[in-house]
2 protein chains.
Amino acid sequence: MQTRAEDDESIAATARAFPEAEQVSPDIRRPRPPQLRDVARAADVSISVASRALNRDPNLRARETTIERVFAAARELQYRANAAGRSLRTRAVGAIGVILPDVNNPFFSELLSGIEEGCDENDVMPLFGRAERLNDNPHLLRNLVNEGRADGFLIQPTDVFPAAAFRTLAVDRVSSVFLNSHSVDAQSSVVLDDRAGIALATRHLLDLGHRRVGFVGGLPDNDNASLRREAFEATMAAMGLTVERRWVTDRGFAFADGQRALGEMVDAGELPSALVVATHNAALGVLRESLTRGIDIPTSLSVVSLHDSPAAAYSWPALTSVRMPLRELGRRAVSTLLQVMDDGIPRHEFITDPAPHLVMRESTRERGLSRLHTPRRD
Amino acid sequence: MQTRAEDDESIAATARAFPEAEQVSPDIRRPRPPQLRDVARAADVSISVASRALNRDPNLRARETTIERVFAAARELQYRANAAGRSLRTRAVGAIGVILPDVNNPFFSELLSGIEEGCDENDVMPLFGRAERLNDNPHLLRNLVNEGRADGFLIQPTDVFPAAAFRTLAVDRVSSVFLNSHSVDAQSSVVLDDRAGIALATRHLLDLGHRRVGFVGGLPDNDNASLRREAFEATMAAMGLTVERRWVTDRGFAFADGQRALGEMVDAGELPSALVVATHNAALGVLRESLTRGIDIPTSLSVVSLHDSPAAAYSWPALTSVRMPLRELGRRAVSTLLQVMDDGIPRHEFITDPAPHLVMRESTRERGLSRLHTPRRD
DNA sequence: TTGAAAGCGCTAACAA
DNA sequence: TTGTTAGCGCTTTCAA
């Protein structure tokens with residue numbers, strides 16, 4: 001039996017642990033979610049029949065009515081299999097890590113939708129992570145795997161990525177699919193038809209009568225950047241046009257790179273009459289720099305970019321761009337990853353359908369036409 | 001001993017199970033991650049001592065060297081506790097769902113960083129989800145809980161949110177914290193000092209000599225919008241200034257709402273000399289509309305917005321804005337959620353530190369000053 | 001100061 | 001056609 005002092009201390013300890021316990025009613029505890037055994041009981045079958053019915057085990061030879069009873073019970077109870085129990089048994093957690101750089105890049109919105117669609121279709125859970133986080137926490141990917149939180153990864157690499165973080169994936173033999181990366185060390189990949197996109201953008205300018213066409217590209221040692229530049233040069237060459245060196249830049253894919261590219265072209269002398277910009281953010285940078293420098297787009301310079309986004313409609317002037325099938329990229333990336341996880345065989349998928357599509361806005365115009373809309377007064 | 005026929009059948013079965021096994025070398029299998037038993041063996045202790053040492057169980061009375069041995073072994077093996085095993089036992093998974101609208105809103109980048117920081121500090125895993133997804137899949141949150149994938153939620157609600165999806169959280173007694181929502185039905189919340197932010201923006205304009213100041217606000221039945229509008233009116237009143245009705249709009253927080261607000265103000269007649277815009281995207285819309293309509297910012301109209309983002313530096317002209325402590329909001333939201341999950345007591349936190357901070361760019365100017373930088377030619 | 005063992009929810013091998 | 005049961009990796013109670 002406790003003394004009075006002990007009673008007091010015990011009460012005090014309780015009070016410290018629950019400083020506002022009086023505000024919490026005891027029945028506020030969250031009820032236990034329904035379990036497989038509840039479903040089995042409700043359907044009047046054994047737990048194992050319930051499990052095999054819900055998982056559509058082909059080896060289960062049961063009456064159709066029995067199976068239907070199980071499903072009805074599961075629906076009724078809003079049963080969802082506990083992920084931990086299942087994962088412990090199956091050594092797979094039904095979740096994939098999705099590592100993207102720079103989540104606020106406006107063009108990701110559609111990619112994210114596609115990935116979520118693919119996940120919904122295949123009943124897996126996406127775990128989104130910003131690539132920046134790998135800098136603070138280089139073991140993140142390995143930890144995710146070792147903790148059994150992710151079965152595989154979707155990764156969009158960039159120039160500024162900690163490549164070492166991805167090496168460990170190969171070492172640990174974790175399935176991963178790279179998004180729109182033509183880099184050779186991708187184990188598996190799903191890529192867009194960048195070549196067709198750039199060709200479409202370039203031909204658009206040629207169709208408008210432009211002949212002095214420049215190219216704002218990515219860093220020279222980036223595989224995607226080289227591919228896009230080659231596609232530009234090939235399209236020009238197919239028309240019998242040569243590309244002036246001074247009108248081709250390779251500063252990078254970011255907003256500031258686009259600003260710098262246009263600035264340097266201006267400083268170097270005469271401008272081309274039109275520019276293909278290899279990526280969306282750089283094109284926004286070009287637009288911004290043209291405002292700063294008083295270059296009128298599209299009257300004196302037409303600009304078209306690879307990749308579209310909502311921000312393209314918001315810019316000044318609204319940006320003409322080539323819309324790439326990013327939603328499809330996301331969906332296919334998920335299904336490809338699941339296949340790779342299933343059989344361990346690397347795959348390289350190429351998305352040609354739907355094809356790239358030109359979205360005409362205000363930043364391109366026929367060569368030599370004067371602008372139509374209200375000029376900004378000064 | 002097996003017969004030849006049995007051998008054959010066994011081989012056939014293997015082939016069926018691994019249809020393209022010849023392409024996969026046998027050692028390509030992913031090695032089993034280290035387990036607690038491996039750590040225990042390496043440290044020469046029992047599995048239970050290892051567990052209690054790693055979890056810093058205060059009831060464990062063990063030699064310091066023993067504990068150190070366990071940690072050394074864990075480090076050596078890169079041990080990470082399997083989440084499924086732990087979760088099965090503890091009924092908590094160490095993950096929180098983070099539901100945000102409109103991931104590509106540029107201002108989220110900093111909020112996301114803060115949330116990830118908070119998660120790293122507390123060793124929990126964020127599961128990001130776009131609110132749009134709740135439309136396709138209204139049971140998402142409940143499923144996440146019933147599957148044992150998330151222990152609680154961080155939610156940023158908006159006008160277009162399926163409120164019903166959140167009701168179920170309360171019904172199911174799932175801990176959740178609302179981000180910067182002053183809405184009354186938030187069980188718990190962490191909010192910024194919007195009032196101070198709006199006051200700072202307004203005073204900035206007043207300090208520049210503006211007296212005819214307008215306000216571009218959110219929808220009238222949005223709690224945050226009302227609060228911001230009241231703060232604006234209070235700051236004006238404190239200076240003895242009245243607010244003209246026609247210079248106050250309540251179209252909403254989106255880009256297009258800002259465009260529409262300015263358009264309607266222009267159509268209605270004389271403009272104020274300065275505008276406080278209650279949110280970032282709407283301010284970008286105001287800037288865009290001013291270009292369309294040939295209104296020179298900041299010469300004829302100064303614009304300042306609540307909330308800053310990288311896009312503010314990219315707009316034309318670069319947007320002067322009030323930087324709110326979004327990173328801190330993210331960090332505190334995580335720690336608050338963990339507290340609520342721990343004791344079930346709702347909390348309402350108010351972030352005043354760091355204080356809102358004015359970021360001067362190009363969209364505000366002293367009343368009556370002509371512009372300094374190179375005008376855009378026409 | 002340390003260890004043995006039960007049991008979390010599920011799947012699948014095996015038994016009936 | 002259906003049921004019983006072992007065991008996935010971990011934490012924690014209880015015993016030593």
Side-chain angles (χ1 to χ4, degrees), chain A residues 30-70 73-74 77 79-94 123 143 145-149 151, chain B residues 13 17 30-70 73-74 77-95 123 143 145-149 151:
Chain A
R30 173 145 64 87
R32 167 172 82 50
Q35 305 190 352
L36 188 54
R37 75 162 71 105
D38 302 319
V39 175
R41 197 178 302 128
D44 196 29
V45 296
S46 77
I47 201 175
S48 95
V49 168
S51 168
R52 290 151 73 196
L54 291 175
N55 291 322
R56 302 194 178 284
D57 178 349
N59 294 324
L60 172 62
R61 304 287 321 148
R63 257 186 296 270
E64 204 37 65
T65 58
T66 309
I67 294 180
E68 185 40 53
R69 232 172 39 241
V70 173
L77 295 170
Y79 169 76
R80 298 286 300 184
N82 176 286
R86 170 177 283 169
S87 137
L88 212 46
R89 184 63 221 222
T90 61
R91 315 188 121 275
V93 70
D123 207 23
N143 287 350
V145 171
N146 282 0
E147 290 170 0
R149 289 191 194 270
D151 301 324
Chain B
R30 175 144 63 87
R32 170 173 77 53
Q35 305 189 353
L36 188 54
R37 76 163 69 106
D38 303 318
V39 175
R41 197 177 302 126
D44 196 29
V45 296
S46 76
I47 207 173
S48 96
V49 168
S51 169
R52 290 150 73 195
L54 292 175
N55 292 322
R56 304 195 177 282
D57 178 350
N59 293 323
L60 171 63
R61 306 285 321 147
R63 256 186 295 273
E64 202 39 63
T65 57
T66 308
I67 295 181
E68 185 39 54
R69 231 169 44 236
V70 173
L77 294 169
Q78 302 209 44
Y79 169 76
R80 299 286 300 184
N82 177 286
R86 169 177 285 170
S87 140
L88 211 47
R89 183 61 220 224
T90 60
R91 314 189 121 273
V93 69
D123 208 22
N143 288 350
V145 171
N146 282 359
E147 290 170 0
R149 288 192 195 269
D151 301 324

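Order of the sequence lines sets the chain letters (A, B, ...), proteins ahead of strands, with each chain counted from 1. Keep in mind that the numbers below use all heavy atoms, side chains included, and drop hydrogens, waters and symmetry copies.
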Checklist line | Non-hydrogen atoms of A/Val93 and A/Asp151 that approach each other most closely | finding: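 Residues A/Val93 and A/Asp151, closest heavy atoms: N-OD1, 2.8 Å.
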Notebook entry, point to check: Looking only at heavy atoms, which two atoms of A/Leu60 and A/Ala53 are closest? And how far apart?
Noted result: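 Minimum heavy-atom contact is CD2-N, 3.5 Å.
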Next item on the list: Just grab all the salt bridge (Lys or Arg N to Asp or Glu O under 4.0 Å) pairs involving residues 53-63 of chain B, residues at least two apart or on different chains.
Entry: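 The answer is B/Arg52-B/Asp57.
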Could you pull out every donor-acceptor pair under 3.5 Å between side chains of residues 38-51 of chain A and any protein atom, sequence neighbours left out?
residue, atom, partner, partner atom, Å
A/Asp38, OD2, A/Arg32, NH1, 3.2
A/Asp38, OD2, A/Gln35, N, 2.7
A/Ser46, OG, A/Ser48, N, 3.4
A/Ser46, OG, A/Val49, N, 3.3

Margin query: Please list, in numerical order, the residues of residues 77-87 of chain B that have a heavy atom closer than 4.0 Å to any atom of DNA chain D.
Written below: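 B/Tyr79, B/Ala81, B/Asn82, B/Gly85, B/Arg86, in order of number.
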Notebook entry, point to check: End-to-end bend of the helix from C/dT1-D/dA16 to C/dA16-D/dT1 (five-pair axes, 10° rounding)?
Noted result: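 Computed angle between terminal axes is 50°.
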Next item on the list: On DNA chain C, reading 5' to 3', which nucleotide is the first and which the last to sit with an atom under 4.0 Å from a heavy atom of chain A, could you check?
Entry: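 First-to-last contact on DNA chain C, by the 4.0 Å heavy-atom rule, is C/dG9 to C/dA12.
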Margin query: At a heavy-atom distance below 4.0 Å, what parts of residues 47-55 of chain A sit against DNA chain C?
Written below: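 Residues of residues 47-55 of chain A under 4.0 Å from DNA chain C: A/Ser48, A/Ser51, A/Asn55.
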Item checked: Nearest-0.5 Å distance, CG of residue B/Leu54 to CG of residue B/Leu36 ->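 If we round to the nearest 0.5 Å, B/Leu54:CG and B/Leu36:CG are 6.5 Å apart.
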Note to self: Using 0.5 Å steps for rounding, measure from the CZ atom of B/Arg149 to the CG atom of B/Asn143.
What the structure shows: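 Result: 10.0 Å between the selected atoms.
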Next item on the list: Using chain B heavy atoms and a threshold of under 4.0 Å, write down where along DNA chain D the contacts begin and end, 5' to 3'.
Entry: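 In short, chain B contacts DNA chain D from D/dG9 to D/dT12.
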With a 3.5 Å cut-off and sequence neighbours excluded, list the donor-acceptor pairs that the side chains of residues 79-88 of chain B form with protein atoms.
residue, atom, partner, partner atom, Å
B/Arg80, NE, A/Glu147, OE2, 2.7
B/Arg80, NH2, A/Glu147, OE2, 2.3
B/Asn82, OD1, B/Ala84, N, 2.8
B/Asn82, OD1, B/Gly85, N, 2.8
B/Arg86, NH2, B/Asn55, OD1, 3.4

